[in-house]
Amino acid sequence: MSEPTMRAMRLGAAHQPLRLTAVAIPTPAPGQVLIRVHACAVCRTDLHVVDGELTEPKLPLIPGHEIVGTVAALGDGADRFAPGDRVGVPWLGFTCGVCDFCRAGRENLCARARFTGYQIDGGYADYTVADQRFCFAMPEGYSDVQAAPLLCAGLIGYRALRMAGDGARLGLYGFGAAAHIIAQVARWQGRRVFAFTSPGDTDAQDFARELGAVWAGGSDQSPPELLDAAIIFAPVGPLVPAALRAVERGGTVVCAGIHMSPIPSFSYDILWGERVVRSVANLTRRDGDEFLALAPKVPVVTRPLPYALEQANQALDDLRAGKLQGAAVLVP
Ligand SMILES: [Zn+2]
Ligand SMILES: [Zn+2]
């Protein structure tokens, strides 16, 4: 008897295109749920995995960590969700629960953490399995494709926004999937958003203004006034000194991505004045619960750009080329 199979877009090795492959539908282990994938957003982190900048993926790997689907089957002891429930699966797929970080509410820093679409097969497929403890119930009012980008662009973006502090003048460097969500939250919080795009990318600048940015320009430009904080979503090291020059004394520059090209050396005087540079790593489940409760209140309106599952390589290429105004979402 042959096992039932599903379609998956699978990575065999870094620097190679994903291959459409028929693989066995996974069986949920104890505590896991089997999920019929309805939408999986494409994140820049997926690109870093495919491009070999994140060097420790399981192989072969099914990428994808912004998964929305419905529960199709339950593993032994899985009782948090019922078949048919709509759930979301984020990047954080497992934490140890007992280390100092986990016990201090900082499970995003757990050394034994495992990540969806990296060390655990993800959502570029018809089905996936996930540990029920790391799944989210998804808010009503969003379709599956609208909801998928909330799961990483949204909630890691939200963590970065929290780390940026409460200042009213917020710069966003790189106006893609995460920034288009976080700009809406920041505006709702009463902040003024300044958007920095690749120099000359007037389409992205128009997009940022549509979403309420009070100013949009190239990352080689200075904002019309100094900022209280900046979040860097683009994986471009030279933006760190650029953002430091754009923030006021006491300002914070948050690097929100998991990978960045080398940061050029810079003069101490642009850090002086109690300016802070920090990174944001991963997410906690609490970040997810908070952000998914907040999103419908704003309400955050995502701009999903749907692609068929088989077009995953195209979606990755378009993201790499900086062509996307919104969030690419695969629809199996
Ligand atoms: Zn831990
Ligand atoms: Zn992501």
Side-chain angles (χ1 to χ4, degrees), residues 9 11 18 37 39-51 53-54 56-57 61-68 88-124 128 130-131 133-136 145 147-161 163 174 176-182 231-235 254-260 279-288 291-292 295 300 302 304-305 307 312 315-316 318-320 324 326-330:
M9 288 298 285
L11 180 70
L18 307 183
V37 179
C40 183
V42 175
C43 175
R44 185 168 291 283
T45 298
D46 304 341
L47 210 52
H48 293 316
V49 174
V50 171
D51 291 347
E53 292 154 341
L54 292 181
E56 294 174 346
L61 171 73
I62 302 172
H65 59 266
E66 302 186 80
I67 306 165
V68 176
V89 183
W91 171 243
L92 188 73
F94 173 83
T95 55
C96 80
V98 297
C99 72
D100 290 348
F101 287 110
C102 281
R103 286 189 301 174
R106 304 171 80 195
E107 64 180 352
N108 60 309
L109 301 179
C110 175
R112 276 177 278 176
R114 297 174 70 223
F115 300 103
T116 311
Y118 189 43
Q119 287 123 354
I120 303 170
D121 277 331
Y124 287 17
T128 193
D131 185 324
R133 296 170 301 170
F134 293 85
C135 298
F136 296 112
V145 288
L150 299 175
L151 283 161
C152 188
L155 60 86
I156 293 185
Y158 175 69
R159 183 174 178 86
L161 179 64
M163 300 300 171
H180 99 287
I181 291 173
I182 291 317
I231 304 174
I232 302 177
F233 290 115
V254 181
C255 304
I258 193 167
H259 171 82
M260 192 178 247
S279 64
V280 155
N282 312 317
L283 67 135
T284 65
R285 282 171 281 180
R286 193 177 151 193
D287 294 326
F291 176 70
L292 292 173
V300 171
T302 60
L305 306 166
Y307 291 75
L316 290 166
D318 291 347
L319 177 59
R320 192 186 287 106
L324 302 177
V329 180
L330 302 183

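When reading the values below, keep in mind they use all heavy atoms of this one structure, side chains included, and skip hydrogens, waters and symmetry mates. All ligand and atom numbering here is 1-based and tracks the order in the structure.
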No waters, cut-off 2.8 Å: how many protein N, O or S atoms are close to the Zn ion (ligand 2)? 3
Quick one: which of Thr128, Asp46, Thr45 gives a side-chain hydrogen bond (donor to acceptor under 3.5 Å, both in side chains) with His65? Asp46
In degrees, rounded to 10 degrees, what angle do Cys99 atom SG and Cys110 atom SG make at the Zn ion (ligand 1)? 120°
Distance-only, no hydrogens or angles: does the Asp287 side chain make a donor-acceptor pair with backbone N or O of Arg159 under 3.5 Å? no
Check whether any side-chain heavy atom of Leu155 lies under 4.5 Å from a side-chain heavy atom of Leu150, and answer yes or no. no
Measure up the Tyr158 and Phe291 rings against each other and bin them: parallel (under 30°), tilted (30 to 60°), perpendicular (over 60°). tilted
With heavy-atom distances below 4.5 Å as the criterion, would you say the side chains of Pro63 and Leu18 are in contact? yes
Quick one: are Leu92 and Thr116 in side-chain contact, heavy atoms under 4.5 Å? no
